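Inspection log for the structure reproduced underneath, given as structure tokens.
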Amino acid sequence: MSNVQSQNQGFKPRSETKPCDKKDFGHWTLDIGLSFVLLLLLATSSFAQEKCGMKLAELPATPELFGFHLSMTTAQTKARVPQVVFGRVDDFGVSKTSVNPDFDPSIEKASLNGVRTVSLDFLDDQLTSLWFGYDGTFKWQTVPDFVAGISQALHLPAAWKPWKLRGQQIYCADFQMTVIVVSESPSFHIIDETAAQTIAARREAKEELDAAPEEAASTEIVADKKDKLYYLEGCPPPREIKAADRVVFKSQEEAEKAGYKLAKACE
């Protein structure tokens, strides 16, 4: 064998690569799977930490609410702002009013410094919705600053979510809060969710009650001219009434007034 052949036998081209070992491929797949599970667990943990389980009763008093708080009565509100005038109580037990220190000279501006307006909704004589509109002198002028400040003041967790265009919102156990900029100044809204559900249930019940008479009125009372008997819904006549003898009434009272009697089978 020549020297050239001997050298070629020990030579391996640079392009030659080691085939992929099945064991190495399995380890690589396992690493990817574990990484995915870890990321999923971290995301789930992060989501769980963002939940707010606080209740209204746990919220501390804070100067940023200027002596107002949900569940306060109209009498307590009157004591806080004697100039307040309450609106009419509607069919659902709701009344609304507002306090405007910027426009009402009779209201002591110093006690509401930095506040442009306060909107208040009551249910059964208790405050259930409180909405502050602050002016340009208030200490927190941007949504992020307000969220950070009010969260610290009320001991809220970092569970705020984006809301609409520039606002943020947080949902807790029985209340929600919203911060947004209105007229270039911050606006803060807190709602009693339990009260909101009560109002919704009352509205639904009233709608059902209002619809009930219409359904009753649409019930037809069928009568027979020949025997002067009428039949109720669910109690049809024993034989088909001819068209010429068939009479329809809107109610039993109407049939009775017309001289018809209830068929014995329907009694």
Side-chain angles (χ1 to χ4, degrees), residues 44 47-48 51-58 70-77 85-98 119-131 159 161 163-164 167 169-178 189-267:
T44 304
F47 177 77
K51 289 184 178 179
C52 176
M54 287 189 67
K55 294 185 177 181
L56 278 173
E58 298 171 345
L70 293 190
S71 79
M72 69 190 303
T73 64
T74 52
Q76 291 172 325
T77 306
V85 177
F86 298 104
R88 181 187 65 85
V89 179
D90 65 16
D91 296 336
F92 310 108
V94 175
S95 65
K96 300 183 179 185
T97 189
S98 61
S119 297
L120 309 105
D121 294 1
F122 295 86
L123 173 65
D124 300 338
D125 197 49
Q126 287 193 321
L127 185 62
T128 59
S129 173
L130 179 59
W131 196 331
K161 303 292 183 182
W163 186 76
K164 292 191 174 181
Q169 193 172 65
I170 185 172
Y171 278 88
C172 296
D174 58 356
F175 67 91
Q176 64 163 288
M177 295 179 179
T178 304
H189 193 189
I190 176 170
I191 299 174
D192 182 337
E193 281 293 304
T194 303
Q197 293 170 8
T198 299
I199 296 170
R202 291 180 183 181
R203 291 183 186 276
E204 185 177 351
K206 187 176 185 303
E207 289 174 0
E208 292 177 356
L209 186 63
D210 291 343
E214 296 179 4
E215 293 175 359
S218 64
T219 303
E220 292 184 347
I221 305 294
V222 180
D224 191 336
K225 286 183 180 180
K226 284 189 175 182
D227 54 18
K228 289 290 183 176
L229 296 177
Y230 67 87
Y231 301 86
L232 301 176
E233 185 180 11
C235 178
R239 63 183 183 281
E240 186 178 354
I241 303 173
K242 294 181 179 181
D245 298 327
R246 182 184 175 89
V247 184
V248 177
F249 297 101
K250 293 182 178 180
S251 64
Q252 288 185 250
E253 291 76 9
E254 186 179 1
E256 297 281 349
K257 288 180 180 179
Y260 289 78
K261 293 184 179 179
L262 179 63
K264 290 185 178 180
C266 299
E267 293 178 349

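Quick caveat, the model's predicted, so the values are computed rather than measured.
If you take NZ on Lys96 and CZ on Arg88, they are separated by 11.5 Å, rounding to the nearest 0.5 Å. Atom CZ of residue Arg203 and atom CD of residue Glu208 lie 14.5 Å apart, to the nearest 0.5 angstrom. Distance check, rounded to the nearest 0.5 Å: CD1 of Ile190 to CG of Leu56 gives 5.5 Å. The NE2 atom of His189 sits 9.0 Å away from the CH2 atom of Trp163 when rounded to the nearest 0.5 Å. Rounding to the nearest 0.5 angstrom, the gap separating the OG1 atom in Thr128 from the CE atom in Met72 is 12.5 Å. Note that OG of Ser251 is 4.5 Å distant from CD of Glu253, once rounded to the nearest 0.5 Å.
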Next on the checklist: side chain to side chain contact (heavy atoms under 4.5 Å, CB included), that's the test. Do Leu262 and Leu232 meet it? Break it down for me.
Outcome noted: CA-CA 8 Å; Leu262 179 63; Leu232 301 176; 3.7 Å; yes
Checklist entry - So Leu123 and Ile199, side chain to side chain contact (heavy atoms under 4.5 Å, CB included) or not? Walk me through it. => result CA-CA 8 Å; Leu123 173 65; Ile199 296 170; 4.0 Å; yes
Checklist entry - What do the steps show when you test Asp125 against Thr73 for side-chain hydrogen bond (donor to acceptor under 3.5 Å, both in side chains), and what is the final call? => result CA-CA 6 Å; Asp125 197 49; Thr73 64; 4.9 Å; no
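Contacts of Asp124 classified as side chain to side chain donor-acceptor pair (under 3.5 Å), with partners at least two apart in sequence or in another chain: Arg202. With sequence neighbours excluded, the residues that form a side-chain contact (heavy atoms from CB on, under 4.5 Å) with Lys55 are Glu58, Ala173, Asp174. Qualifying side chain to side chain donor-acceptor pair (under 3.5 Å) partners for Lys225, counting only residues two or more places apart in sequence or in other chains: none. Here Phe86 pairs with Phe122 under the ring pair (Phe, Tyr, Trp, His ring centres under 6.0 Å) rule; sequence neighbours left out. Applying the side chain to side chain donor-acceptor pair (under 3.5 Å) criterion to Glu256, with sequence neighbours excluded, gives Tyr230. Applying the ring pair (Phe, Tyr, Trp, His ring centres under 6.0 Å) rule to Phe249 yields the partners Tyr260; only residues at least two apart in sequence or on another chain are considered. Here Glu233 pairs with Thr219 under the side-chain contact (heavy atoms from CB on, under 4.5 Å) rule; sequence neighbours left out. In this structure, Thr77 has no side chain to side chain donor-acceptor pair (under 3.5 Å) partners at least two apart in sequence or on a different chain.
Under a 3.5 Å cut-off, the side chain of Glu254 and the backbone N or O of Lys250 do form a donor-acceptor pair. Between the side chain of Asp224 and the main chain of Lys228, no donor-acceptor pair closer than 3.5 Å is present. One N or O on the side chain of Thr97 and one on the backbone of Val85 form a donor-acceptor pair closer than 3.5 Å.
Residue Ala263 comes nearest to Tyr231 through the heavy atom pair CB-CE2, 3.4 Å, listed as atom of the first residue, atom of the second, then distance. Closest of all the heavy-atom pairs between Ser98 and Leu120 is CA-CD1, 4.3 Å. Contact record, Ile191 with Leu70: C-CD1, 4.0 Å, taken as the closest heavy-atom pair. Here the shortest heavy-atom pairing between Ile241 and Ala223 reads CD1-O, 3.7 Å.
Applying the side chain to side chain donor-acceptor pair (under 3.5 Å) rule to pairs touching residues 190-201 yields Gln176-Glu193, sequence neighbours excluded. Listed by first then second residue, pairs satisfying salt bridge (Lys or Arg N to Asp or Glu O under 4.0 Å) with a partner in residues 234-248 read Lys226-Asp245, not counting sequence neighbours. Within the structure, disulfide bond (SG atoms under 2.5 Å apart) pairs that include any residue of residues 230-267 comprise Cys235-Cys266 (at least two apart or interchain).
Between the side chains of Gln126 and Ser71, no donor-acceptor pair is found at a separation under 3.5 Å.
Between Met54 and Phe175, some side-chain heavy-atom pair lies under the 4.5 Å cut-off.
A salt bridge links Asp210 with Lys206: the distance from a Lys NZ or Arg NE/NH1/NH2 to an Asp or Glu carboxylate oxygen falls below 4.0 Å.
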